[in-house]
Amino acid sequence: MRVALHPHPESAALGEFALEVELERQEGAFVLGYTLRGEVERLRVPDAGAPLPPQRLWEHTCFELFLAREGSSGYREFNFSPSGQWAFYRFSAYREPAPAPRPPAPRLRWQRAPGRLDLQVRLAPESLPAGEGALRLGLAAVLEGHGGEFSWWALAHSPGRPDFHALEGFALRWEE
């Protein structure tokens, strides 16, 4: 399955971009392929190995994934930085942090080319929320311009300011 993400109306005009995410299951793993095309040179993209504060990856160019089980108020958040770093958060309800053991490290493969930034993520089955029922996914990205301006991308945006944690953003239903 392939879906397109769209910029939030309050996003800065950083250039012309298209952002798609391809999703599939492979041998129990959840695999996502993010593809950003456009004027990538106009973005501030962390270099591989650049040390960033792990809890602040979303303050720079990064791709994000939110996962919830249908009917549950709890959810998980993953941030993936071009630096190669990743972060995981678990919430019991909207923006209510909950303790959780860190899941197995996702396999990340970043590729850069002129006009393109790609990420393939492979999440182990243990990374998914426990329980029965369909998964609800929120797919998102933060794009940072060289001047510190931002563009927020998602499959669906809630009304008002950009908020990837809002339920409206969990717009993709995935049957297991």
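Because the structure is predicted, anything quoted here is derived from the model rather than measured.
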Original post:
Glu24 and Met1: side chain to side chain contact (heavy atoms under 4.5 Å, CB included), yes or no, with the steps?
Top reply: CA-CA 7 Å; Glu24 63 181 307; Met1 172 186 309; over 6 Å; no

Subject >> Check against side chain to side chain contact (heavy atoms under 4.5 Å, CB included), Leu139 and Leu23 >> reply: CA-CA 10 Å; Leu139 300 165; Leu23 305 106; 4.2 Å; yes

Subject >> Steps toward side chain to side chain contact (heavy atoms under 4.5 Å, CB included) verdict (Arg116, Thr35) >> reply: CA-CA 7 Å; Arg116 188 171 173 144; Thr35 301; 3.7 Å; yes

**OP:** Verify side chain to side chain contact (heavy atoms under 4.5 Å, CB included) between Val31 and Val121, making sure each step is shown before the conclusion.
**Re:** CA-CA 6 Å; Val31 180; Val121 177; over 6 Å; no

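The distance between the ring centers of Phe164 and Trp58 does not fall below 6.0 angstrom. Proximity of the aromatic rings of Phe63 and Trp110 is defined here by a centroid distance below 6.0 angstrom, and this criterion is met.
Looking only at side-chain heavy atoms (C-beta outward), Phe78 and Ser127 come within less than 4.5 Å of each other. Side chains of Leu36 and Asp118 form no contact here, defined as non-hydrogen atoms less than 4.5 Å apart. Between Arg95 and Tyr75, some side-chain heavy-atom pair lies under the 4.5 Å cut-off.
Between the side chain of His165 and the backbone N or O of Phe66 there is no donor-acceptor pair closer than 3.5 Å. In this structure, the side chain of Glu149 engages the main chain of Gly147 through a donor-acceptor pair within 3.5 Å.
Using cut-offs of 30° and 60° for the angle between ring planes, the Phe150 and Trp152 rings count as parallel.
Taking every heavy atom of both residues into account, Pro106 and Phe80 meet most closely at CG-CE2, 4.0 Å. Smallest separation of non-hydrogen atoms from Val40 and Gly115: CG2-C, 3.7 Å. Of all non-hydrogen atoms in Gly28 and Pro125, the two that sit nearest each other are O-CG, 3.2 Å.
Between Arg161 and Asp163, no side-chain nitrogen of the basic residue sits less than 4.0 Å from a carboxylate oxygen of the acidic one, so the salt-bridge criterion is not met.
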